[in-house]
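Only one structure is covered here, and it is reproduced in the block below.
Predicted model, so just to flag it, every value in this text is computed and none were measured.
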Amino acid sequence: MTIRSIDMQVLVQKVGEVSKLQQIEKTDQQVRQQAFLEQIAQQTEQVSTTVNQTPASEAALIREKQSDKKKKSPHKKNADHSESEEEEATNWANDPDRGSNLDIRA
């Protein structure tokens, strides 16, 4: 495809316009990116400085649930469980050979 002299004259004039448009697009992208980074920095700072507070009623509900769990849990199970743990601990301590040797099989 050949370029005629008339087309060349029109193209030379358009080159300046095209370069200006490309430069505007390039700077616009940089400005938008910088604004986005600033917005992220502001959000990060805001999140790191603010403290999430629970409503007063929510804290009371949590305390009530904890006290209900304590009331519902039977004390006998805990006592039996702790006694069995104590027995195991005393059995372990009474046997002098227990835990002193390590058997390795290949």
Side-chain angles (χ1 to χ4, degrees):
M1 179 175 181
T2 60
I3 299 176
R4 295 179 290 174
S5 63
I6 295 174
D7 292 336
M8 187 64 163
Q9 289 174 357
V10 172
L11 286 175
V12 169
Q13 292 174 356
K14 298 276 185 181
V15 167
E17 294 174 18
V18 171
S19 66
K20 286 180 185 177
L21 290 174
Q22 287 178 345
Q23 184 65 27
I24 290 171
E25 288 177 4
K26 192 177 204 181
T27 57
D28 187 41
Q29 288 176 354
Q30 291 173 350
V31 168
R32 279 189 270 142
Q33 186 177 15
Q34 184 66 27
F36 184 68
L37 290 173
E38 288 175 5
Q39 184 181 11
I40 289 175
Q42 287 175 353
Q43 288 176 350
T44 304
E45 184 178 338
Q46 182 181 10
V47 167
S48 66
T49 57
T50 58
V51 177
N52 294 333
Q53 296 180 355
T54 57
S57 61
E58 194 171 312
L61 288 174
I62 292 172
R63 289 188 189 124
E64 288 175 4
K65 287 180 182 179
Q66 289 175 348
S67 63
D68 289 344
K69 286 181 182 179
K70 288 180 183 177
K71 290 178 184 177
K72 289 182 181 179
S73 65
H75 297 288
K76 288 185 177 181
K77 287 184 180 179
N78 291 337
D80 292 339
H81 187 62
S82 63
E83 287 176 10
S84 64
E85 288 178 357
E86 288 176 11
E87 287 178 18
E88 288 180 20
T90 55
N91 289 341
W92 181 270
N94 290 339
D95 190 6
D97 295 328
R98 193 170 196 175
S100 62
N101 296 329
L102 180 64
D103 294 334
I104 299 175
R105 294 184 185 182

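- Residue Gln34 holds its CD atom at 13.5 Å from CZ of Arg32, rounded to the nearest 0.5 Å.
- The hydrophobic cluster containing Phe36 also includes Ile40, under a criterion of side-chain heavy atoms closer than 4.5 Å among ILVMFWY residues, counted directly or through chains of members.
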What side-chain donor-acceptor pairs closer than 3.5 Å can you find for residues 12-25, not counting sequence neighbours?
from  : atom 1 : to    : atom 2 : distance (Å)
Ser19 : OG     : Val15 : O      : 3.3
Ser19 : OG     : Gly16 : O      : 2.9

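- For CD of Gln43, the number of neighbouring non-hydrogen atoms (other residues, nucleotides, ligands) closer than 6.0 Å is greater than 12.
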